[in-house]
Amino acid sequence: MNNTKLETKNYSMNYGSFRALEDINMQIPEKQVTALIGPSGCGKSTFLRTFNRMNDLIPGVWIEGEVTMEGKDIFEIDVVNLRQQVGMVFQKPNPFPKSIFDNVAYGPRANGLTDRNALAELVEHSLRGAALWDEVKDDLDKSGLALSGGQQQRLCIARALAVEPSVILMDEPASALDPIATLRIEELIRELRENYTIVIVTHNMQQAARVSDFTGFFYTGESRTGKLIEFDLTRNIFTNPADKRTEDYITGRFG
Amino acid sequence: METRRIVDRGVKYILFISAMISIVIVFLIALFIFREGVEAFNTVGVRTMLFGKVWRPGQEQYGILAMILGSILVTIGAIVLGVPLAIGGAIFLAEVAPEGIQAVVRPAIQLLAGIPSVVYGLFGMVVLVPLVRKIPVPGNSGFGLLAASIVLAVMILPTIASIAEDAIRAVPQSYRQGSLALGATHWQTIVNVIMPAARSGIIAAIILGVGRALGETMAMIMVIGNSVLMPSPMTNNPLTLFLRQARTLTGNIAVEISYATGVHESTLFATGVVLFVLIMVVNISARFVMRERQAIH
């Protein structure tokens, strides 16, 4: 088993009096792809947003339990530093209304990098990392919004890579894309796995089966409180699930 | 036909007529001031009027350049003082303030819009003018462009703040989240992503503020001193220009219309035409800027 990168212990999350996630224990291994699956409203995206503390932006959120990165409590780390180490790609591609170059350079600039050559190098490196360089290298001054949906999403991945994180969170990164663009994103995820710890939320079970090494299945009952039902190697989840609800879900009986 | 259908059709006509009436009123007012001003444009001449530096109706000298400059200078002063305050307030309300504080600050700013202009004038006369008078420059009376600019800055603040706040709120949440998720601070997000994305709305807010400033009359008459001389610096320091008394286009009309006759009266209407055109240009450009969506560059 690989080193654990991210870990939650007895982690619960609440919006005011509503308990969104309960008692989640998960060890996310380093430099592997971990998929979070489950029906809508089961809290998997909320769980994902725990790791870069995007949930902090929602008023009334409070948590119980422990969330650590490499053994350190993430709530003890300065949130800006945490987000530099834990990048995020959103469901809908959200490039800024700026040039392709400025989109990728945004994070490094925010960190104080001003040297032109260093920025140019980092932008190229990041765009190559996101498999977008060859398509945009002559149009770096063009608006990021002028790209196709799939290219925009890869731009967002490049933008996240430019900050040089060790973890990348992906919240249904291909759900707004067509099948070919989706395939490219999936290939990219497999490549990024070499250097990054990736956690991906997906509605698409084939996608989870194709890209991930580990899979966590979330489920919620009447209470609408999300729970982690099962966490295992992806091949075990898909061939030999331990829980009946996991089996029902992956065989398409509900969700 | 069923009664409710008749009512339905009738209501449509009534609403249409109400809308038409306001258009007709605007049109009639424009027609009226143009008609009354034509005599001045013909006898005095457009150029002489717009660029003439001397306003002495008794000696048939009808140059309104001093008033045009007065209006423009006081507007610039108000923008310089008021815009940073208004934009700061808008950012505070849209991005920083918790809801409880918003619930107090927003109505307080809106309240400024409800204070009658003459009350601003009173405040200016009684509080600001004596303060400005303390600036040790020979000939400084306290009345003048500076006091007027301060009053006007406060008057245009609610207009600019509320439109700018709407523009900032309209920036998609996804930009905000994208920036924060890259490890940018809240302030970096505001400066580098939110403000550029809200730019067109904020510019429109400022332009509407300009329109409001150009039209203000009563408060200006009360604090600006109403001198008809060309504004010029009082010492070597060019900023003393703002200690000069001046007169606005609006003030010129209001002060003199009660006793003006003949060409003099017509010139005042012509002054109204100049104002009308200025404000129209300003408002149309605001509309134009607002319509121009997210500039893709």
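In what follows, chains are A, B, ... by sequence order, proteins preceding strands, each numbered from 1.
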Exercise. How many angstroms lie between atom CZ of A:R53 and atom CG of A:N55, to the nearest 0.5 angstrom?
Worked result: 10.5 Å
Seminar exercise, completed: From the list A:T50, A:L48, A:L36, side chain to side chain contact (heavy atoms under 4.5 Å, CB included) partner of A:L169 resolves to A:L48
Problem set entry | A:Y106 six-ring face occupied by A:R159 cation (under 6.0 Å, within 45°) | no
Problem set entry | Per-residue contact mode, A:V89 against chain B (heavy atom under 4.5 angstrom) | neither
Exercise. Only one of A:H203, A:Q91, A:K92, A:Q207 forms a side chain to side chain donor-acceptor pair (under 3.5 Å) with A:S175, so which one is it?
Worked result: A:Q91
Exercise. What part of B:E99 is in contact with chain A, defined as an atom under 4.5 angstrom from a non-hydrogen atom: side chain, backbone, both or neither?
Worked result: neither
For this session: Could you look at A:V80 and say if it's the side chain, the backbone, both or neither that has a heavy atom under 4.5 Å from chain B?
Result: both
Exercise. Is it the backbone or the side chain of A:P165 that comes under 4.5 Å from a heavy atom of chain B, or both, or neither?
Worked result: neither
